[in-house]
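By convention here, the first residue in the shown sequence is residue 1. Values in this document were obtained by computation on a predicted structure and should not be read as measured data.
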Amino acid sequence: MSKILIENAVVYDGSGCEPYKASILIENDRIMEVDRACSIHDADQRIDARGMAVSPGFIDIHRHCDVKPFNNGSFGDVMLAQGITTTVVGNCGISMTPVSMDEDLARETYNFDEPVLGPAYPSIRTYHDYMASLEKMDLPLNMAAMIGTGNVKIAVKGFSDKPFSDEEMEEAKALIADALALGAPGISAGIMYLPECYSSMDEFARLLEPLGKAGGVLTTHIRGEGDSMVESVKEVIGIASKVGCALEISHFKSCGMKNWRKDIHAAIALIEEARKKGQDVTCDFYPYEGGSTALTTMLPPVFVNGNLGDALKRLGTQEGVDDFREKASVEYPDWDNFCITLGWDRILISGVVKEENRKFLGMDMVSAAKKYGYEDAFALAAYLMHGEDGKTAIINMSMCQDDIDAVAKLPYSIIISDSIYAETDTPHPRLYGAFPKVIREYVMERGLYTMQEAVRKMTALPAWRMGIKDRGMIRPGYYADINIFNPAVFRDNATFQDPAKVATGLSFCLINGEVVFKDGKVLSRSAGRVVRREN
């Protein structure tokens with residue numbers, strides 16, 4: 001039996017209550033005692049936390065590292081440096097599984113997912129096999145996994161714009177029910193994305209019936225985060241109400257300059273109204289003014305017309321480029337056209353797969369098109385999507401800080417990173433710094449939060465939301481996932497201009513009772529575990 005004693009700790013226990021001084025005794029993987037009298041003396045290892053804050057390990061419930069354990073053994077290093085000890089994958093309707101057994105459709109799925117998840121690991125096609133494979137691996141942190149309704153729909157009927165037949169619906173529902181039975185903490189939807197954007201509110205409600213029966217949460221990328229954001233929030237509240245499940249609105253934000261400082265408050269009012277009526281609705285956000293996704297999100301659904309592969313091929317012709325330009329130059333009531341509401345000059349190229357396209361990295365679409373001789377940004381976007389099979393990743397500078405702060409101040413909002421894993425040297429800085437950024441900027445510099453409020457939004461609140469048992473608080477009986485840091489020196493270093501900078505200043509990180517990170521060095525990449533929701 002191994003005993004670790006953390007002495008002289010100023011404990012932010014995750015509850016949101018005032019901090020207190022205590023000693024924390026850990027035996028094996030659990031917290032055994034939290035002693036405010038600091039009278040514990042017996043231990044195999046002592047950690048002096050004098051002058052430090054001690055908190056539960058941070059829980060990132062929205063990250064896209066689904067595939068990374070299979071193709072990058074050190075993928076967790078940037079998370080450990082931030083104090084992230086548990087993450088939830090399978091977000092935005094995009095998950096590693098399920099994937100069709102049809103090889104052509106599987107390849108199309110992998111290409112579609114790659115700007116978000118990174119390169120595929122094609123030997124695993126089912127949720128059962130995914131979880132079983134994770135449990136056989138050394139994991140650097142704890143991982144829970146949802147499945148996405150986008151992957152479910154593609155596995156059953158490809159990128160079709162047609163509704164599910166009755167037979168297809170039953171097949172899709174069975175995939176969801178199986179994942180829930182195997183411990184998925186929830187189901188994610190990506191209603192903005194192909195092919196989910198073709199599904200109606202009623203179709204989603206039918207598809208998610210197993211979620212209502214089994215329990216768990218629906219996390220969702222809403223249909224539109226720009227001009228249609230308020231209606232999109234109303235839609236997902238309605239879906240969750242019909243299903244009878246909890247709702248987590250993913251990366252809740254208002255995009256498009258004309259919508260800033262206005263629409264977010266109307267959407268918050270809808271959430272507040274639903275909560276007053278007893279509906280379980282929460283949201284999350286990341287602390288940056290730019291988002292990140294795939295370039296294919298700039299394709300109007302009417303251009304894709306239910307066949308993404310054909311659409312990408314047509315972008316290689318002048319006729320296809322002209323059609324794309326025409327269809328992307330008008331507004332749609334049921335689809336946010338960022339070509340108009342943001343403009344191509346606010347779209348940055350952040351990830352490419354071909355060496356000859358690396359010259360575009362970090363540039364906005366307008367500047368890149370002008371510098372390299374393309375007719376306009378539409379022509380460059382078409383070239384990239386066609387030539388890279390839709391795998392290009394982008395950053396869209398779509399939000400304002402006032403709106404982010406409005407969401408951040410909500411007592412039920414959760415801090416996430418929404419990190420994507422396209423293979424690139426110019427990722428979104430949230431991959432490297434989201435959690436310490438909150439401590440540095442939102443707590444220490446701007447005073448938007450007290451430290452205990454920030455810690456709660458990164459620990460106990462996300463653990464509760466995803467049904468993660470015995471994690472997210474410093475209490476006897478809980479798993480010993482613990483961070484020790486000086487708030488004055490723990491900081492993010494990644495910026496949009498220089499994004500691949502690891503966070504610094506974390507003194508210790510423990511996962512399941514093992515010291516995995518100390519003073520900038522990773523000591524272990526094998527302390528993590530697979531986390532399943534208990535049914």
Side-chain angles (χ1 to χ4, degrees), residues 1-60 79-86 140-142 435-436 438-439 443 450-464 468-490 503 505-524 526-529 531:
M1 181 178 290
S2 172
K3 290 184 179 181
I4 298 176
L5 180 64
I6 301 173
E7 300 178 287
N8 304 310
V10 177
V11 179
Y12 295 86
D13 65 9
S15 68
C17 295
E18 291 289 327
Y20 53 86
K21 189 173 180 179
S23 292
I24 303 167
L25 179 64
I26 299 163
E27 290 189 11
N28 296 329
D29 61 352
R30 299 269 185 166
I31 298 169
M32 297 306 294
E33 192 172 349
V34 181
D35 178 24
R36 298 195 187 206
C38 300
S39 59
I40 305 171
H41 299 291
D42 181 33
D44 302 311
Q45 179 182 353
R46 295 172 181 271
I47 298 175
D48 187 355
R50 192 181 309 273
M52 304 283 188
V54 179
S55 77
F58 302 145
I59 299 174
D60 188 353
M79 287 185 270
L80 297 181
Q82 296 178 69
I84 299 170
T85 58
T86 301
L141 75 167
N142 306 309
F435 285 73
V438 170
I439 292 172
V443 176
T450 63
M451 181 66 74
Q452 58 263 32
E453 288 171 329
V455 168
R456 173 179 170 269
K457 287 176 174 287
M458 297 190 287
T459 58
L461 191 57
W464 163 80
I468 297 172
K469 188 178 179 182
D470 295 344
R471 299 188 192 273
M473 296 192 75
I474 293 180
R475 283 187 177 173
Y478 274 58
Y479 290 100
D481 298 342
I482 294 175
N483 289 328
I484 303 174
F485 57 92
N486 181 341
V489 301
F490 185 30
L506 182 65
S507 296
F508 291 88
C509 178
L510 289 79
I511 296 179
N512 296 312
E514 181 179 346
V515 178
V516 298
F517 187 91
K518 180 181 178 182
D519 295 332
K521 293 183 179 180
V522 175
L523 304 182
S524 171
S526 60
R529 298 176 184 172
V531 176

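Heavy atoms only, all atoms of each residue included: Thr459 and Gly57 are closest at CG2-O, 3.5 Å. The nearest pair of heavy atoms linking Ala9 to Val54 is CB-CG2, 3.5 Å. Shown here for Pro56 and Val455, the closest heavy-atom pair between the two residues is CD-CG1, 3.9 Å. Nearest approach of Ala503 to Pro436, heavy atoms of both residues: CB-CG, 3.7 Å. Across all their heavy atoms, Gly51 and Asn486 have their closest contact at O-CG, 4.4 Å. Pairing each heavy atom of Ala460 with each of Gly14, the nearest pair is CB-O, 3.1 Å.
Remark: the backbone N or O of Gly83 is paired with a side-chain donor or acceptor of Asn483 at under 3.5 angstrom. When atom types are taken as modelled, the side chain of Asn28 and the backbone of Ser2 share a donor-acceptor pair closer than 3.5 angstrom.
Looking at heavy atoms from C-beta onward, Tyr479 lies in side-chain contact with Arg529 at the 4.5 angstrom threshold. Taking 4.5 Å as the limit, some side-chain heavy atom of Thr85 sits within range of a side-chain heavy atom of Cys509. Lys518 places none of its side-chain heavy atoms less than 4.5 Å from the side chain of Leu506. Tyr478 has its side chain out of reach of Asp29: every pair of non-hydrogen atoms, C-beta onward, lies at least 4.5 Å apart. Side-chain contact between Ile24 and Met32: absent, with no pair of heavy atoms (C-beta onward) separated by less than 4.5 Å. In this structure the side chain of Gln452 reaches within 4.5 angstrom of the side chain of Pro19, judged on heavy atoms. Looking at heavy atoms from C-beta onward, Val516 lies out of side-chain contact with Phe508 at the 4.5 angstrom threshold. Taking the side chain as every heavy atom from C-beta outward, Ile26 and Ile482 approach each other to under 4.5 Å.
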### Task
Show your reasoning for whether side chain to side chain contact (heavy atoms under 4.5 Å, CB included) applies to Arg475 and Val34.
CA-CA 7 Å; Arg475 283 187 177 173; Val34 181; 5.8 Å; no
### Task
Run the numbers on Met451 and Ile439 for side chain to side chain contact (heavy atoms under 4.5 Å, CB included), then give the verdict.
CA-CA 7 Å; Met451 181 66 74; Ile439 292 172; 3.9 Å; yes
### Task
Could you walk me through whether Ile84 and Met458 pass the side chain to side chain contact (heavy atoms under 4.5 Å, CB included) test, one step at a time?
CA-CA 9 Å; Ile84 299 170; Met458 297 190 287; over 6 Å; no
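Not counting sequence neighbours, the partners of Arg30 by the salt bridge (Lys or Arg N to Asp or Glu O under 4.0 Å) test are Asp470.
Using the six-membered ring where Trp is involved, Phe490 and Phe485 have ring planes that are tilted, between 30° and 60° apart.
Once rounded to the nearest 0.5 Å, the distance linking CG of Leu461 with OG of Ser15 reads 12.0 Å. Interatomic distance, Phe517 CZ to Ser507 OG, rounded to the nearest 0.5 Å: 9.5 Å. Interatomic distance, CE of Met52 versus CD1 of Ile47, reported as 10.5 Å (0.5 Å rounding). Going from atom CD of Glu27 over to atom CG of Leu5 covers 11.0 Å, rounded to the nearest 0.5 Å. Atom-to-atom distance recorded for Glu33:CD and Ile31:CD1 is 11.5 Å, nearest 0.5 angstrom. The structure places CD1 of Ile6 at 4.0 Å from CD1 of Ile484, a figure rounded to the nearest 0.5 Å.
Of the residues listed (Asn512, Thr86, Ile59, Ile511), the one engaging Leu141 in a side chain to side chain contact (heavy atoms under 4.5 Å, CB included) is Ile511, and it is the only one.
The pair Lys3-Asp44 does not meet the salt-bridge criterion, since no charged nitrogen lies less than 4.0 angstrom from a carboxylate oxygen.
Under the 3.5 Å distance criterion, with hydrogens and angles disregarded, no donor-acceptor pair is assigned to the side chains of Ser23 and Glu7.
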